[in-house]
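Here's the structure, in structure tokens; my notes come after.
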Amino acid sequence: MSYHSQLRPGSFDGTTHIVTGGGSGIGRCIAHELASLGAHVVLIGRSADKLAAVADEIHADGGHCSEYSLDIRDEDAVRNAVAQIVDARGPVHGLVNNAGGQYPAPLAQIKAKGFEAVVKSNLLGGFLMAREAFTQSMQAHGGSIVNITADNCGGMPMMGHSGAARAGMENLTHTAALEWAAHGVRVNAVAPGYILSSGFDTYDADFLRELLPGFRDSIPLYRLGEEAEISGAVCFLLSDAASYITGQTLRIDGGSSLKHHSPLWQPVATQKRKAFNGFHRSRKPQVVLELETEGKL
């Protein structure tokens, strides 16, 4: 089996694309789709073991990739890694700023150190990767950057540190799109809603068992999204078909960011909308499998 992308086979032949956070979740899926379309994918993440596992999958599927284990919050490490990539591969055609992380907590309980750590992971690291990709390659050769943010419209209760960082990344997307357009560099963002990603496995299972059905019920399309539904949009924005799109944020959330709560209209789910999942190696989080077996999701 191979990745079932909606884009034309060979769309990214001869290109080099960097995917941060490529060792798991949405980043892993994006890396697989890009490789299936002909790109050489550069996987970046902190866990060498996770990167190696994804690289083995891509190679087994006939794709091409390389790995660089580093902390994207480390300025020198980012600068050196991008230099090595450019030296080994030549121009960087695309960058997907996917790496990040957070933990649930009300604002009143978030310590300065925790807030700073989340902002560094979700904003500073993405800025450093984008800056180095631009200055070391894209300024001279052009390229495309896609920043993964989040559904932070109207605030993110229990995720205030992440919401602030993601909002910063969205604004950074606008600024970079303006400043770098003259160099042939497009910068866009994708804001996922609730996605069936391995990221769920990092949270307490009992916490998720209680919340996931409520997440689904709050989404107009009445389901959680698939990783491939994010990857497909990212790959489109990286592709030549999106060559006139820059400075935009595409929200992929089943309509949840609309947050329409009129008492005159109460949605009643009559059927589940069909999901798209072209990722042949997708793995649902364990808690999701359990809830589906129990008929609760």
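Just so it is clear, the structure is predicted and the values come from calculations on it, not from any experiment.
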- Do side-chain atoms of Asp74 reach the backbone of Ala77 as a donor and acceptor pair under 3.5 angstrom? yes
- Task: Report yes if some heavy atom in the side chain of Phe276 is under 4.5 Å from a heavy atom in the side chain of His4; otherwise report no.
- Result: yes
- Item | Parallel, tilted or perpendicular: rings of His17 and Phe12 (30°, 60°) | perpendicular
- Message: Would you say that Glu227 contacts Ile30 through its side chain, given a criterion of any heavy-atom pair below 4.5 Å between the two side chains?
- Response: no
- Candidate pair Val234 and Glu33, rule side chain to side chain contact (heavy atoms under 4.5 Å, CB included), full reasoning: CA-CA 10 Å; Val234 170; Glu33 182 164 7; over 6 Å; no
- Would you check if the side chain of Asn188 reaches a backbone N or O of Gly247 as a donor-acceptor pair within less than 3.5 Å? yes
- Query: Quick one: do Asp151 and Arg166 make a salt bridge, cutoff under 4.0 Å?
  - Reply: no
- Is the backbone N or O of Leu172 less than 3.5 Å from a side-chain atom of Thr175, with the two atoms forming a donor-acceptor pair by type? no
- Message: Using a 3.5 Å distance criterion without hydrogens, assess whether the side chain of Arg186 forms a donor-acceptor pair with backbone atoms of Gly142.
- Response: no
- OG of Ser5 to CG of Leu37, rounded to nearest 0.5 Å, is 4.0 Å
- Any sub-3.5 Å donor-acceptor pair from Thr293's side-chain atoms to Leu289's backbone N or O? yes
- Close side-chain approach of Asp61 and Ser36, heavy atoms under 4.5 Å: no
- Nearest heavy-atom neighbours spanning Ala55 and Leu43: N-CD1, 3.9 Å
- Query: Any sub-3.5 Å donor-acceptor pair from Arg46's side-chain atoms to Leu70's backbone N or O?
  - Reply: no
- Task: Write down the atom of Leu128, the atom of Arg73, and the distance for their closest heavy-atom approach.
- Result: CD1-O, 3.9 Å
- Message: I need the Ile26 CD1 to Ile195 CD1 distance, nearest 0.5 Å.
- Response: 5.5 Å
- Item | Leu34 vs Cys235, side chain to side chain contact (heavy atoms under 4.5 Å, CB included): CA-CA, chis, key distance, verdict | CA-CA 7 Å; Leu34 284 170; Cys235 290; 3.8 Å; yes
- Please determine if Lys111 and Glu116 form a salt bridge, counting it only when a charged side-chain N lies under 4.0 Å from a carboxylate O. no
- Message: Could you walk me through whether Arg283 and Leu196 satisfy the side chain to side chain contact (heavy atoms under 4.5 Å, CB included) test, starting with their C-alpha distance in whole Å, then the side-chain angles of each, then the deciding distance to 0.1 Å, before giving a yes or no?
- Response: CA-CA 9 Å; Arg283 296 191 295 259; Leu196 293 168; over 6 Å; no
- Message: Can you tell me how the ring of His280 sits relative to the ring of Tyr3, calling it parallel under 30°, perpendicular over 60° and tilted otherwise?
- Response: perpendicular
- Are the side chain of Gln102 and the backbone of Val118 linked by a donor-acceptor contact shorter than 3.5 Å? no
- Message: Contact between Leu237 and Ser144 at the side-chain level, heavy atoms closer than 4.5 Å - yes or no?
- Response: no
- Query: Given the rule in the side chain to side chain contact (heavy atoms under 4.5 Å, CB included) test, do Cys29 and Ile230 qualify, once you have shown the distances and angles that lead to the verdict?
  - Reply: CA-CA 9 Å; Cys29 183; Ile230 305 302; over 6 Å; no
- Could you list the residues that satisfy salt bridge (charged side-chain N to carboxylate O under 4.0 Å, His left out) with Asp76, not counting sequence neighbours? Arg79
- Determine, for Arg209 against Glu294, whether the closest basic-nitrogen to carboxylate-oxygen distance falls under 4.0 angstrom. yes
- side-chain hydrogen bond (donor to acceptor under 3.5 Å, both in side chains) partners of residues 83-92, not counting sequence neighbours, each pair once: Thr16-Arg89
- Query: Do His174 and Gln248 have side chains that get closer than 4.5 Å, going by heavy atoms?
  - Reply: no
- Message: Using 0.5 Å steps for rounding, measure from the OG atom of Ser121 to the NE2 atom of His161.
- Response: 10.0 Å
- side chain to side chain donor-acceptor pair (under 3.5 Å) with Thr173: which of Thr149, Asn147, Thr246? Asn147
- Task: To the nearest 0.5 angstrom, please state how far the CG atom of Asp217 sits from the OH atom of Tyr222.
- Result: 4.5 Å
- Message: Can you confirm whether Asp13 is buried at CG, in the sense that more than 12 heavy atoms of other residues, nucleotides or ligands lie under 6.0 Å from that atom?
- Response: yes
- Please examine the side chains of His32 and Glu57, heavy atoms only from C-beta on, and report whether any two atoms are closer than 4.5 Å. yes
- Query: Is a side-chain donor or acceptor of Glu229 paired with a backbone partner of Glu226 at a separation under 3.5 angstrom?
  - Reply: yes
- Task: Please round to the nearest 0.5 Å and tell me the distance separating atom CD1 of Ile72 and atom CG of Asn97.
- Result: 6.5 Å
- Query: Under a 4.5 Å cut-off applied to non-hydrogen side-chain atoms, are Asn152 and Glu170 in contact?
  - Reply: yes
- Task: Assess the side chains of His40 and Ser66: does a donor N or O sit below 3.5 Å from an acceptor N or O?
- Result: yes
- Taking NZ, NE, NH1 and NH2 as the nitrogens, is one of them in Lys50 or Glu67 under 4.0 Å from a carboxylate oxygen of the other? no
- Query: What distance separates Leu95 CG from Ile44 CD1, expressed to the nearest 0.5 Å?
  - Reply: 8.0 Å
- Item | Side-chain (Thr20) to main-chain (Asn98) donor-acceptor, under 3.5 angstrom | yes
- Query: Do any N or O atoms from the side chain of Asp253 and from the backbone of Gly255 form a donor-acceptor pair under 3.5 angstrom?
  - Reply: yes
